[in-house]
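The block underneath contains the structure these notes are about, expressed in structure tokens.
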Amino acid sequence: MPPKKRARVMKRTAKSGDSSETAPSKSKRKAAPTVETGETVAAPLPPCHWLMKSEPESRFENGIDVKFGIEDLKKMPDQTSCWDGVRNYQARNFMRQMKEGQQAFFYHSNCKEPGIAGLMKIVKEAYVDHTQFDKKDVHYDGTSKTDNPKWSMVDVQYLRMLKRFLPLTELKKYHLQHRSSGGPLKNMALFTRARLSVQPLTTDEFDFILSLEDEEPL
DNA sequence: GCCAACGTTGGC
DNA sequence: GCCAACGTTGGC
């Protein structure tokens, strides 16, 4: 049982309205027979790798420092922290799809050198983000009710630093390259879904990015 | 600090 | 339900 700890991550983007409530549970996950053949079609598998953004440099929001970099995670008891403060429905819905044991990249955003710093794993699946009810918290959401909480969080545990930091600029070069060549990063959410703070990675994307650890910087 | 991209709000 | 105005993200 991870002790109570605290990660302050990303800002909320809205405080009310559930209009983008596109809960993953509503997506068609079951195999369905096709009209033509009556054969079962493989259902798309939910994502199993992730990228999560957080700010490693001090920035004050309502007088509170929202800094939480990978070094901060490493210093937590059990090197484990809840990933609270996500206030975007798509990001939240991705967190709700996360399974214990899955790996996620720790991405440093809004800082001198944005990029992927390390690896962590999901150690507790989605549960209620208590900070939505805390008036003192930066991410307090007065529109969320305790009997129907809007926001979720997961617990993550530090795994390791990457052998070398993977700067956004380098990832972008690969992304552009792959857009013409059809390589693994051609659709990477980091570039196609710019403001999404919790995003899925395909196994191809995940493996390719990990392989860059052993490559010279591009 | 600027500002493009884009999610959210709310008037109609 | 459209869409303009607004607010936030996050690179540069």
Side-chain angles (χ1 to χ4, degrees), chain A residues 7-24 26-27 47 50-73 83-97 104-118 120 126 129 131-145 148-154 156 162 164-179 185-201 205 209 212 217-218:
Chain A
R8 298 190 169 275
V9 187
M10 310 312 297
K11 303 181 61 168
R12 67 173 159 261
T13 56
K15 297 192 77 174
S16 63
D18 226 6
S19 53
S20 305
E21 187 84 56
T22 44
K26 286 183 187 162
S27 65
W50 310 95
L51 180 147
M52 303 170 85
K53 300 179 183 177
S54 186
E55 304 185 29
E57 294 172 5
S58 281
R59 190 173 62 79
F60 290 87
E61 213 177 310
N62 306 335
I64 296 162
D65 194 353
V66 295
K67 168 184 187 290
F68 190 79
I70 195 163
E71 295 300 335
D72 299 299
L73 174 61
W83 201 268
D84 67 320
V86 171
R87 297 293 182 267
N88 168 280
Y89 291 110
Q90 297 179 60
R92 178 203 68 180
N93 292 344
F94 282 128
M95 282 203 299
R96 290 182 177 178
Q97 293 188 65
F105 287 123
F106 197 124
Y107 178 88
H108 282 171
S109 71
N110 204 17
C111 56
K112 191 80 68 72
E113 214 190 1
I116 297 174
M120 51 193 176
D129 178 347
T131 67
Q132 67 197 298
F133 305 120
D134 179 0
K135 289 199 168 77
K136 299 284 178 312
D137 196 278
V138 192
H139 302 292
Y140 173 68
D141 181 354
T143 69
S144 185
K145 299 294 159 219
N148 187 21
K150 283 187 182 174
W151 306 112
S152 303
M153 61 186 183
V154 296
V156 295
L162 293 196
R164 67 180 180 92
F165 182 82
L166 297 177
L168 176 65
T169 51
E170 180 175 344
L171 295 169
K172 184 155 203 169
K173 285 178 196 166
Y174 281 109
H175 167 65
L176 292 174
Q177 210 171 280
H178 290 183
R179 256 180 12 181
L185 298 195
K186 64 174 184 296
N187 294 322
M188 192 184 179
L190 194 57
F191 305 105
T192 58
R193 314 288 313 283
R195 298 170 45 196
L196 193 57
S197 67
V198 175
Q199 30 183 279
L201 274 78
E205 289 166 343
I209 290 168
L212 295 180
L218 191 69

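We name chains A, B, ... by the order of the sequence lines, and we start the count at 1 in each one.
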Out of B:dT8, C:dG10, C:dG11, whichever nucleotide has its closest atom nearest the side chain of A:Asn88: B:dT8

Presence of A:Tyr107 side-chain N/O under 4.0 Å of C:dG11 phosphate oxygens OP1/OP2: yes

Those residues that, when tested against A:His175, pass side-chain contact (heavy atoms from CB on, under 4.5 Å) (two or more places apart): A:Arg179, A:Phe191, A:Thr192

Whether over 12 other heavy atoms sit under 6.0 Å from A:Lys172 NZ: no

Nucleotide C:dG10, atom P - distance to NE2 of A:His108 in whole Å: 14 Å

Touch class at under 4.0 angstrom, heavy-atom based, for A:Phe191 against every strand present: nothing

Spacing between A:Leu190 atom CG and C:dG10 atom P, to the nearest angstrom: 9 Å

A:Phe105: ring-ring contact (aromatic ring centres under 6.0 Å, His included) partners, not counting sequence neighbours: A:Phe206

Distance test, side-chain N/O of A:Lys53 to OP1/OP2 of C:dT9, below 4.0 Å: no

Length of the CG-C1' vector between A:Leu196 and C:dT9, whole Å: 11 Å

Nucleotide C:dG10, atom C1' - distance to CZ of A:Arg193 in whole Å: 15 Å

Note: A:Glu61-A:Lys67 ion pair, threshold 4.0 Å (strictly below): no

Atom-to-atom span, NZ of A:Lys173 to P of C:dG11 - whole angstrom: 16 Å

Rounded distance in Å - NZ (A:Lys172) to C1' (B:dA5): 11 Å

Nearest-angstrom distance from the residue atom OH of A:Tyr89 to P of C:dT9: 14 Å

Rounded distance (Å) that lies between atom P of C:dG11 and atom CD of A:Glu113: 12 Å

